[in-house]
2 protein chains.
Amino acid sequence: MSMDRLIENIVKTQNPSVVGLDPKLEYVPEFIKEKKFKKYDRTLKAAAKAILEFNKCIIDEIHDICPAIKPQAAYYEMYGYEGVKTLYKTIQYAKEKGMFVMTDGKRNDIGATMEAYAAAHLGLTDVGGEKIEAFGADALTVNGYLGSDGINPLLEQCKLYDKGIFVLVKTSNKSSGELQDLKIGDKTVYATMGDMCEKWGSEVMGKYGYSGVGAVVGATYPEQLAEMRAALPHTFFLVPGYGAQGGGA
Amino acid sequence: MSMDRLIENIVKTQNPSVVGLDPKLEYVPEFIKEKKFKKYDRTLKAAAKAILEFNKCIIDEIHDICPAIKPQAAYYEMYGYEGVKTLYKTIQYAKEKGMFVMTDGKRNDIGATMEAYAAAHLGLTDVGGEKIEAFGADALTVNGYLGSDGINPLLEQCKLYDKGIFVLVKTSNKSSGELQDLKIGDKTVYATMGDMCEKWGSEVMGKYGYSGVGAVVGATYPEQLAEMRAALPHTFFLVPGYGAQGGGA
């Protein structure tokens, strides 16, 4: 199982943190940017090439001390298809270096469309009989608002290609409570989503007791994090919000 | 306002339907596919080029009788960055032909990351002072599970660049009720999301009484559709599920 590989990487590096690669062009060192601007002018292609070079530098430095990277799809899409090409190349480079890659895309849809997202980010795409990897991440973040119809197609791909997903449960942002904290009977929306993760995960259990269905639970809400940790014993947690957003250990 | 332009297109064509462009390669006519396979082999590039040619044929045929297209991002992403290039070129082609383009991406995130999605799909991206359109759709479907932190960054871009969003409220799929129909006090989750649409929309009102914040409400649940139509007077509806999924007029 995909989550087993993540756990093994964590044990090997003795480090439970994932490095987010959310590369706005302004974070890229000047000398890299200037080189690309000179070659490609101030274009999306120049930006995408600069970001790729920067990402590779980061991966070179961290690949033996960090278990995983989490590229945020939005920051690649904002540089158009050239940016999306950089996402692909970043994923491939990190995997070559032995890192676990979780694409933070928060994708969500239903049926055949969710199958397309699953093929895109985790599985293989059929082109006239050839099976080709479009992006090839190890895991993908997803939004479960649409219910099982949005998650089941992913579970198929997880089984087939040894991949994982992380479902948004309690997000780290200030307004996450507007919907997620509301009560459905005695249970909050986020706890209801958490239960669904355990249910979905039971189909794709790994050898260390965690399933292929993880949950996103923000460090900015430590009480809810503790509550979910106790309630979801087979669900691996991705915990954003530590540090700059205000969450602690 | 973006929704005003959509309404004007609907009046001009006397047609309230949007054409979904969800182009799996198997839908593309053989003669187009064979031509591209011959030139580019069985690659993601061949698939992406075939889909683009097919999309252009469709747009040529419909642009004066249909007001809008809705490309589904998943079907482009499954062909990798080459597919995403086809998404860009499809959007640009349809806009040149006067069509309104809503990218069905169901994007969702918070703060700066949601700003990146907004720049990517609706606004402009800054590259060393140059402002460049990455995808340039007129509207984007989004998922509001994360609350206002996920929607506010979009509203800024909607105001600035005259764009719109459609928020998932009650989706057309069978399991949409697993979360969306649950009751928070007297109100369902979907009705709560609908209320948020009216609230968010009040910041971006158009001249025909509809705001820049639309809602996705499936035709497969006619009772809930009628309920939402009455409850959300300023919210334009995108209604999937008509036809193959079982919904009627």
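Every chain is numbered from 1, with letters handed out A, B, ... down the list of sequences.
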Identify which part of Ala112(A) has an atom lying under 4.5 Å from any heavy atom of chain B, answering side chain, backbone, both or neither. both
Measure the spacing between NZ of Lys106(B) and CE of Met114(A) and express it to the nearest 0.5 Å. 10.0 Å
Calculate, to the nearest 0.5 Å, the distance between atoms CG and CD belonging to Leu44(B) and Glu133(A) respectively. 10.0 Å
What part of Lys183(B) gets closer than 4.5 Å to chain A, counting heavy atoms only: side chain, backbone, both or neither? backbone
Let me know if Met193(A) has heavy atoms under 4.5 Å from chain B in its side chain, its backbone, both or neither. side chain
So CG of Leu52(B) and CG of Leu21(B): to nearest 0.5 Å the spacing works out to 11.0 Å
Between Lys56(A) and Glu53(A), does any side-chain N to carboxylate O distance fall below 4.0 Å? no
Which residue out of Met196(A), Glu26(A), Glu82(A) racks up the most heavy-atom pairs below 4.5 Å with chain B? Met196(A)
Tyr81(B) ring center within less than 6.0 Å of Tyr81(A) ring center: no
Report which part of Glu130(B) has an atom under 4.5 Å of a heavy atom belonging to chain A: side chain, backbone, both, or neither. side chain
Answer with side chain, backbone, both or neither: which region of Ile110(A) has an atom nearer than 4.5 Å to a non-hydrogen atom of chain B? side chain
Verdict with supporting geometry, Glu77(B) and Arg107(A), salt bridge (Lys or Arg N to Asp or Glu O under 4.0 Å): CA-CA 11 Å; Glu77(B) 290 177 24; Arg107(A) 295 302 194 253; 3.1 Å; yes
Side-chain ion pair, Lys170(B) and Asp181(B), N-O less than 4.0 Å: yes
Ranking Thr125(B), Val84(B), Asp149(B) by heavy-atom pairs under 4.5 Å to chain A gives rank one to Asp149(B)
Heavy-atom proximity to chain B below 4.5 Å, by part of Lys174(A): both
Counting only heavy atoms closer than 4.5 Å, note whether Asn152(A) contacts chain B via side chain, backbone, both or neither. neither
So which residue, Ile132(B), Asp104(B), Thr86(B), ends up with the most heavy-atom pairs under 4.5 Å with chain A? Ile132(B)
Spatial distance of atom CG (Asp22(A)) from atom NZ (Lys70(A)) [nearest 0.5 Å]: 5.5 Å
If you count heavy-atom pairs under 4.5 Å with chain A, which of Thr43(B), Asp109(B), Leu25(B), Leu87(B) comes out on top? Asp109(B)
Most contact-rich option vs chain B, by heavy-atom pairs under 4.5 angstrom, among Ser176(A), Ala74(A), Gly123(A), is Ala74(A)
May I ask you to decide if the ring planes of Tyr145(B) and Tyr145(A) are parallel, tilted or perpendicular, using 30° and 60° as cut-offs? tilted
Please check if any side-chain donor atom of Asn108(A) sits under 3.5 Å from a side-chain acceptor atom of Asn143(A), or the reverse. no
Out of Ala116(B), Ser175(B), Ala134(B), Gly147(B), return the one with the most heavy atom pairs under 4.5 angstrom to chain A. Ser175(B)
Tell me, side chain or backbone of Ser172(B) under 4.5 Å from chain A's heavy atoms, or both, or neither? side chain
If you count heavy-atom pairs within less than 4.5 Å of chain B, which of Tyr76(A), Phe135(A), Tyr88(A), Tyr79(A) leads? Phe135(A)
For residues Gln180(A) and Thr188(A), is any side-chain donor paired with an opposing acceptor at under 3.5 Å? no
Is Ser148(B) in contact with chain A via its backbone, its side chain, both, or neither, using a 4.5 Å heavy-atom distance? both
Name the option with the most non-hydrogen atom pairs under 4.5 Å to chain B; the candidates are Asp41(A), Val169(A), Leu124(A). Val169(A)
Is Thr113(B) close to chain A through its backbone or its side chain, or both, or neither, when contacts mean heavy atoms under 4.5 Å? both
The interface call for Tyr117(B) against chain A, heavy-atom contacts under 4.5 Å, is both
